[in-house]
Amino acid sequence: MRSPAKLGSSAVSLLRAATESIMKTSVTGPVRVRFAPSPTGFLHVGGARTAIYNELLRENLGGSFILRIEDTDAQRSDAAMIEQICSGLRWIGVQWDEGPFLQSDGLERHQQAAQQLLEQGKAFRCFRTSEEIEAARSQAQAKGETLRYRDFFAPPSADEEAQRLAAKEPFVVRFRCSDDSLHFSDLVRGEVEFPAGSLDDFVILRSDGSPTYHLSVVCDDVEMRVTHVIRGDDHLSNTPKHVDLFRALGAPVPVFVHLPLILGSDKKRLSKRTGATSVEEFRDQGFLPQALYNALGLLGWSPGGDREIMSRKEMVELFTVERINSSAAIFDRDKLSWLNAQYMSSLSLEEVAKYASPFLAPLGLDGLEGESRQRLMAALELHRSRAKTLEELGPMLVPYFQEELVYVVESCQKFLSQESLPGHLEALAARFAALEEFSPEALEQELRQLSEAVEVKAGVLIHPTRMALTASKKGPSLFELVATMGREATGRHLANFVGFLGREGSS
RNA sequence: GGCGCGUUCGUCUAGGGGUCCAGGACGCCGGCCUCUCACGCCGGUAACACGGGUUCGAAUCCCGUACGCGCUACCA
């Protein structure tokens, strides 16, 4: 057992026996969890995964999932950015119960908390400038020492404080941190302990009176009665500060779940340099939300079996925080592509069509009705297993509706060198046109009969016909293709292609 | 520098002292299917970071080292 902490080995095996058949967790609900992104203008995939684990825990144990926007830095936030995060979450399928709340709305409450700490002597006013502290710090560092504020600067005396206050000197409020060792339980890391003296008196109120992040998160987590703090690994080192604050505020300390970071292919923190970083980008590149959810959910968490394709519902059933990995993971786009292809093939046709629609619109394939609509759906069915993304799917459907295709001479060399081919294709077109039933079976029979009559292999007719209809060497089974294309377009494309062969062949 | 966290195939992972000369998936390579492509199916490639312990036995437990990442702000 990775956590909680170290148990005796007999206790471990007992626990294992109990959890073997059914995935159990030591965590009991109902829980109150929260996802607290900063409004950066997009939903980062790392954030999306954090949100997913938040929701999995809530779904699994019951309780509430609170969405809170960490907009302490006023510059960074506006309504559009907040909406962006919400729509990103909605798209990927994460549902929250409360919010979105804005952290900035708690400003007064945060300031009150600082005031309370001040009155209780758990915080003090610091009149030193950051330059002054910085200078002392670099001086100490030059001597190879680490400077802690609290070892170098004494808080001002009551007299001095009153004097400076009267003189309206600017000050920050610093939290008087504990000098004991601080430990907390983290469901991913186990018991984490920070030795005595590893904290310093940190700022909780800036000189302009605004609360810093540390104060705000703790106040809000207290206010919202958060039981489990699920967040990125990068906050692990900040956690002792938070624990100290929770205690000072007289509030229960929540359980922590620190998620390992998602890395780019360069093993660095996922950034723009290595490709897409936001869920919106993946959406725009033609990935299905189900696939992204699946990929993200299984990045850093595994139910233990061989499962690779799992729906949100299945994850909810099997999810336990204890099985979240503790090491950082590189996001693998190839695997996402594979997953996406799996979902494109297995989802209902209607659903794929729904998600494909934004990619079809620019190609003029939207708003089709009646027979055209039916043709589009049939074509979609024929091509869905051939595309890895919705973006790739669009161009494959165009030939079914385009008036005239553009053939590339280089790809048609083989056909151009066959003198008798145009005649054969005309014969084939005539046979197709005369067909009563435009079905794959009938079409195939017709083509094979012709190939026998003119004494060529079926492939000699099949390949140029595919080229004629799609301007491509690749594609679905020819007879399915022709049947879906329909009598009219088939005849038109075939005639055009014969014309093309005539023009290019003679020149 | 200090403190914290991490390290199993290229990538995601299974693994919890013997059943592991390490299993699955993606990728890659080869084959089958076949009118092409894709899907699917079959096969192959490839890893316990290093060094010490503990133990009859270590991927698994302990200690170091290396490397990576995070924090060390009046950013979040």
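Below, chains carry the letters A, B, ... as their sequence lines are ordered, and counting in each starts from 1.
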Nearest-angstrom distance from the residue atom CD of A/Glu308 to C1' of B/U11: 12 Å

Sugar-phosphate, base or nothing in reach of A/Leu263, heavy atoms under 4.0 Å: nothing

Which base sits across from B/G43 as a Watson-Crick or G-U pair, both distances under 3.5 Å? B/C29

Go through B/A76, B/G6, B/C71 for me and flag the one nearest to the A/Ser38 side chain. B/A76

Using atom CZ of A/Arg333 as one end and atom C1' of B/C12 as the other, report the distance to the nearest whole Å. 16 Å

Quick check: any donor-acceptor pair below 3.5 Å linking the side-chain of A/Ser477 to the base of B/C35? yes

Just call it for A/Pro260: base, sugar-phosphate, or nothing, with non-hydrogen atoms closer than 4.0 Å on any strand. nothing

For the ring pair (Phe, Tyr, Trp, His ring centres under 6.0 Å) test, which of A/Phe202, A/Tyr149, A/Phe124 pairs with A/Phe175? A/Phe202

Using purine N1 to pyrimidine N3 plus N6-O4 or O6-N4 for Watson-Crick, or N1-O2 and O6-N3 for G-U wobble, each under 3.5 Å, what pairs with B/G2? B/C71

How about A/His110 and A/Tyr213: are their ring centres within less than 6.0 Å of each other? no

Touch check for A/Ala458, heavy atoms < 4.0 angstrom, all strands: base, sugar-phosphate only, or nothing? nothing

Provide the Watson-Crick or G-U wobble partner of B/A49, both distances under 3.5 Å; none if there is no partner. B/U65

Using a heavy-atom cut-off of 4.0 Å across all strands, would you classify A/His383 as base, sugar-phosphate, or nothing? nothing

Shortest non-hydrogen separation from A/Ala48 to A/Leu296 and the atoms involved: CB-CD2, 4.0 Å

Side chain of A/Ser326: nearest nucleotide among B/A76, B/G6, B/C26? B/G6

Of all the choices, B/C35, B/U13, B/C71, which nucleotide is nearest to the side chain of A/Leu478 once you look at every atom? B/C35

Whom does B/G57 pair with, Watson-Crick or G-U wobble, provided both distances fall under 3.5 Å? none

Answer yes or no: side-chain N or O of A/Asn238 and base N or O of B/A76 forming a donor-acceptor pair under 3.5 Å. yes

Between B/G70, B/A76, B/U36, which nucleotide gets closest to the side-chain atoms of A/Tyr213? B/A76

Between B/C39 and B/G31 - P atom distance, rounded Å: 16 Å

Reading RNA chain B from 5' onward, which residue's closest nucleotide shows up sooner: A/Lys241 or A/Lys474? A/Lys474

Would you indicate which nucleotide in B/G40, B/C5, B/C74 comes nearest to any side-chain atom of A/Asp233? B/C5

Taking CG from A/Asp266 and C1' from B/G68, how many angstroms apart are they, rounded to a whole number? 12 Å

Can a donor-acceptor pair be found between the side chains of A/Asp233 and A/His258 at a distance below 3.5 Å? no

Hey, is the side chain of A/Ser207 pairing donor to acceptor with the base of B/C74 inside 3.5 Å? yes

Please examine the side chains of A/His44 and A/Ser278, heavy atoms only from C-beta on, and report whether any two atoms are closer than 4.5 Å. no

Go through the side-chain N and O atoms of A/Asn325 and A/Ser327 and say whether any donor and acceptor fall under 3.5 Å apart. no

Does the distance from a Lys or Arg side-chain N to an Asp or Glu carboxylate O, for A/Arg148 and A/Asp179, drop under 4.0 Å? yes

Taking the nucleotide of RNA chain B with the closest heavy atom to each, which residue, A/Glu193 or A/Gly300, is nearer the 5' end? A/Glu193

Considering only side-chain heavy atoms of A/Lys267, which listed nucleotide, B/U11, B/C35, B/A14, is closest? B/U11

From B/C12, B/A76, B/C74, nucleotide with atom closest to A/Leu299 side chain: B/C12

With the side chain of A/Arg174 defined as its heavy atoms from C-beta on, choose the nearest nucleotide among B/C74, B/A38, B/C35. B/C74

Closest of B/A76, B/U13, B/G27 to the A/Ser302 side chain is B/U13

P atoms of B/G23 and B/A14, separation to the nearest Å: 15 Å

So what does A/Arg384 touch, heavy atoms closer than 4.0 Å: a base, only the sugar-phosphate, or nothing? nothing

Below 4.0 Å: OP1/OP2 of B/C74 and any side-chain N or O of A/Arg125: no

Reckon A/Gly459 touches a base, only the sugar-phosphate, or nothing at all at heavy-atom distances under 4.0 Å? nothing

Which of the following nucleotides, B/A25, B/C3, B/C35, is nearest to the side chain of A/Trp338? B/A25

Base-pairing assignment for B/G16 (Watson-Crick or G-U wobble, both under 3.5 Å): none

Please report, rounded to the nearest Å, how far the P atom of B/A73 is from the CD atom of A/Glu131. 14 Å

Does A/Arg386 contact B/C37 through a side-chain donor or acceptor facing the base, at a distance under 3.5 Å? yes

Donor on one side chain, acceptor on other, A/Ser104 and A/Asp71, under 3.5 Å: yes

Minimal heavy-atom distance between A/Ile92 and A/Tyr293, with the atoms involved, is O-CD1, 3.3 Å

What does A/Phe331 touch in the nucleic acid at a heavy-atom separation under 4.0 angstrom: a base, only the sugar-phosphate, or nothing? nothing

Rounded to whole Å, CG of A/Asp306 lies from P of B/G23 at a distance of 12 Å

For the C1' atoms, the ones on B/A58 and on B/C42, what distance do you get once it is rounded to whole angstrom? 36 Å

Heavy atoms only, 4.0 Å cut-off, all strands: where does A/Val203 land among base, sugar-phosphate and nothing? sugar-phosphate

Using OP1 and OP2 only, check whether a side-chain N or O of A/Gln342 sits under 4.0 Å from B/G40. yes

Using a 4.0 Å heavy-atom cut-off across all strands, classify A/His214 as base, sugar-phosphate, or nothing. base

Pick the C1' atom in B/G15 and in B/C61, then give their distance to the nearest Å. 15 Å

